[in-house]
Amino acid sequence: MTVRVRYAPSPTGDPHLGNIRTALFDWLLARHHGGQFILRIEDTDRARYVEAGVQAQMEALRWLGLDWDEGPDVGGPHAPYVQSERLDIYREHADRLLDEGNAYLCFCSPERLDEVRKDQQRRKLPPKYDRHCRDLTPAQREDARAQGAVPVVRFKTPLTGETTTFDTLRGDVTFQNDTLDDFVLLKSDGFPTYHLASIVDDHLMEISHVLRGEEWLSSLPRHVLLYQAFGWQPPAFAHLSTILGPDRAKLSKRHGAHAALEYRRQGYLPEAIVNFLALLGWSLDDHTEIIDRQTLIAHFDLDRVLPNPAVFNADKLLWMNGFYIRQLSVDELADRARPFLEEAVGPVDFELLRRIVPIVQERIKLLSDIKEMAGFFFTDGDLDYELETLLGPKFAAEPRAAAYALAMVIAAAEPLPRWDHELLEAAIRPLAAGAGLKAGELFGVIRVAVTGKTATPPLFETMEVLGQDRTLARLRSALDRLHSRAH
RNA sequence: GCCCCCGUCGUCUAGAGGCCCAGGACGCCACCCUUUCAAGGUGGAGAUCGCGGGUUCGAAUCCCGCCGGGGGCACCA
């Protein structure tokens, strides 16, 4: 059997990490089995429709490298792949259900429905449609129409019996039919509900496996009943567990921004996101954490997917991102970090950036960290730091000693025949002992003078990359500040 | 209120009756390396396998009950 899976987002906003995890599992399942991954847009709720939603969904998938075989933009044998363009299809299927006695027209007003629901809640009863219109006579229906009521189509749920379905992750799940109500299939605006549209499309598009969020599990019997009413063979269902925030509640805005594209803006690598998300509910074995895309495809399957919810471990994602950053080649990292740097300091000399990357690579966890870690290479004019920072605890009480040390350093560095870190270190390190300082103490003042910071890449490499002129200029500038402070 | 799902270190997980007085990873602590910060190395703390009953010579693994957590109950998906 061909594996055909679909990711069917509703364009109501930016895709969330939870959605993306579902898309990833869909994609991996398809790629592992050599099947097809289909993108379908479920825009049947025009009230919540967001214009940029479709683009955001596609953008997120593209960023993560989850390519689709059929979809709105690429077409396919079952086009169109946007539900709002398939209204005729749903109408026909609703009519069929109506004709065969598996559905009926309901003329109840939203107000009446609301009243019924409130009454039930007041009496501590499960809120359910009271089936007021289930057995209307043709005359009553004509009457309602004459009064201008626009009907919806409701499914005629069996009053008795039970519905059992196999969920790939949980086994058999059984629901008593009398706990279900007569849900709406077609709304009064002519649009289908999710229930009708997804079942019809999944069947027509020959979907073999439905992977979706756990929140759909309670709708499963409705969907199975629909398949039965149509006389169709249902696909395999796997309800993926929810991703939880630190407080064990469903991940949401309350826990910060978890839109997939937000992670791109923050400097996460797609390979880290993919690897991390794959491990949320799935594992390769008992010890492998870093798994590349090809290995994921080679090994991913539903039999190692867990049914229990997972708390989002942001620390681990950050660690993993740092790991993937360290794996990158110099050119690749320079290339990917460049936009983040330019966002802060403007156009960047790529050759200079290529020389910086090797000394910052193992010090950044996010691409955006490049701004903090290497920004000083791109600053013109004076550095912005406090005198206290320059002096540090060692020289706080004796700025003259710091000035003396810096003057020595300048004198030693100035005549250097070659400006590289080995010569610099050979010239400067011995100075410490002469001034009665530990090497680290001397290096500390130089570090702040040259970079404006106390945590930086290795000092002499940094000086080499910065270049002789700028380094000396900064050392002199620091010396000037010390002198002016002395007077 | 009703229905459904889930339950192994703080977190992600390995574990499909004896290999487990429970293994790996993140985080945390210590030490090593070291000019700062990282990275790396080594070691450590951390789980009465939610609780209580069974079944079995033997249970994290099977059964039942309870408790806890989560999800659903719209002309939203």
Side-chain angles (χ1 to χ4, degrees), chain A residues 8-12 42-45 47-48 106 108-110 113-114 117 120-129 150-154 167 169-170 173-176 179-181 183-189 191-195 197-198 212-221 239 241-242 244 246 248-250 276 279-290 304 306-320 322-323 326 359-365 373 392 425 428-429 432 438-444 446-448 451 453-460 462:
Chain A
S10 171
T12 55
E42 309 215 326
D43 57 343
T44 57
D45 182 359
R48 294 204 303 158
C106 168
C108 292
S109 67
L113 260 20
D114 208 44
R117 195 174 306 122
Q120 287 163 153
Q121 282 167 348
R122 214 176 302 120
R123 292 157 58 195
K124 305 260 186 209
L125 292 171
K128 278 165 50 177
Y129 175 56
V150 184
V152 301
V153 178
R154 286 185 184 272
D167 176 276
L169 309 183
R170 304 157 210 276
V173 182
T174 301
F175 293 82
Q176 298 302 315
T179 63
L180 275 22
D181 70 352
F183 55 97
V184 174
L185 297 171
L186 212 57
K187 305 180 238 178
S188 55
D189 63 1
F191 279 67
T193 59
Y194 171 87
H195 304 301
S198 71
R212 65 200 339 187
E214 190 183 359
E215 65 269 21
W216 289 109
L217 192 56
S218 43
S219 295
L220 183 56
H239 291 86
S241 68
T242 318
L244 272 25
R248 303 208 123 263
K250 194 173 174 180
F276 177 78
L279 255 20
L280 237 41
W282 177 84
S283 60
L284 176 59
D285 53 33
D286 62 347
H287 64 277
T288 311
E289 305 285 338
I290 299 297
R304 287 187 70 85
L306 263 24
N308 47 306
V311 174
F312 182 78
N313 186 345
D315 280 340
K316 187 160 180 174
L317 205 213
L318 193 58
W319 162 78
M320 198 172 268
F323 182 91
R326 276 170 252 133
I359 60 175
V360 301
Q361 184 158 21
E362 63 187 28
R363 277 161 249 271
I364 63 177
K365 287 194 156 92
M373 195 55 70
E425 181 162 5
I428 294 172
R429 186 180 283 278
K438 289 181 190 166
E441 289 165 347
L442 206 218
F443 296 174
I446 305 175
R447 168 170 289 108
V448 177
T451 69
K453 298 168 169 306
T454 53
T456 73
L459 182 57
F460 300 110
T462 299

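Please read all numbers here as calculations on a predicted model, not as lab measurements. Proteins come first, then strands; the chains are lettered A, B, ... in the order of their sequence lines, and each starts at number 1.
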Among [options], which nucleotide sits nearest the side chain of [X]?
| X | options | result |
| --- | --- | --- |
| Lys124(A) | rG10(B), rG1(B), rC75(B) | rG1(B) |
| Asp315(A) | rG24(B), rC3(B), rC26(B) | rC26(B) |
| Leu113(A) | rG72(B), rC75(B), rC3(B) | rC75(B) |

Rounded to the nearest angstrom, tell me the gap between atom [atom1] in [X] and atom [atom2] in [N].
| X | N | atom1 | atom2 | answer |
| --- | --- | --- | --- | --- |
| Met320(A) | rA25(B) | CE | P | 12 Å |
| Arg363(A) | rC37(B) | CZ | P | 11 Å |
| Trp282(A) | rG24(B) | CH2 | C1' | 15 Å |
| Lys453(A) | rU36(B) | NZ | P | 18 Å |

Exercise for review: Determine whether the aromatic ring centres of Phe183(A) and Tyr129(A) lie less than 6.0 Å apart.
Suggested key: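 No.
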Exercise for review: Rounded to whole angstrom, note down the P distance from rC51(B) over to rU8(B).
Suggested key: 11 Å
Review point. What distance, rounded to whole Å, do you find between the two P atoms, one in rG7(B) and one in rA16(B)?
Key: 16 Å
Point to revise | Watson-Crick or G-U counterpart of rU61(B), or none if no pair lies under 3.5 Å | key: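 Pair assignment: rU61(B) / none.
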Review point. Do Val152(A) and Cys106(A) pass the side-chain contact (heavy atoms from CB on, under 4.5 Å) test, and can you show the C-alpha distance, the side-chain angles, and the key distance before you say yes or no?
Key: CA-CA 5 Å; Val152(A) 301; Cys106(A) 168; 3.8 Å; yes
Indicate, yes or no, whether a donor-acceptor pair under 3.5 Å links the base of [N] to the side chain of [X].
| X | N | answer |
| --- | --- | --- |
| Glu289(A) | rG24(B) | yes |
| Arg170(A) | rC5(B) | no |
| Ser188(A) | rC75(B) | yes |

Exercise for review: Mind running side-chain contact (heavy atoms from CB on, under 4.5 Å) on Thr12(A) and Asp45(A) for me, showing each step along the way?
Suggested key: CA-CA 9 Å; Thr12(A) 55; Asp45(A) 182 359; 5.9 Å; no
Revision key, fill the gap. Taking for Ala455(A) and for Glu215(A) the nucleotide of RNA chain B with the nearest heavy atom, the one nearer the 5' end belongs to Ala455(A)
Practice item. May I ask you to decide if the ring planes of Trp216(A) and Tyr194(A) are parallel, tilted or perpendicular, using 30° and 60° as cut-offs? Key: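 Answer is parallel, since the angle falls under 30°.
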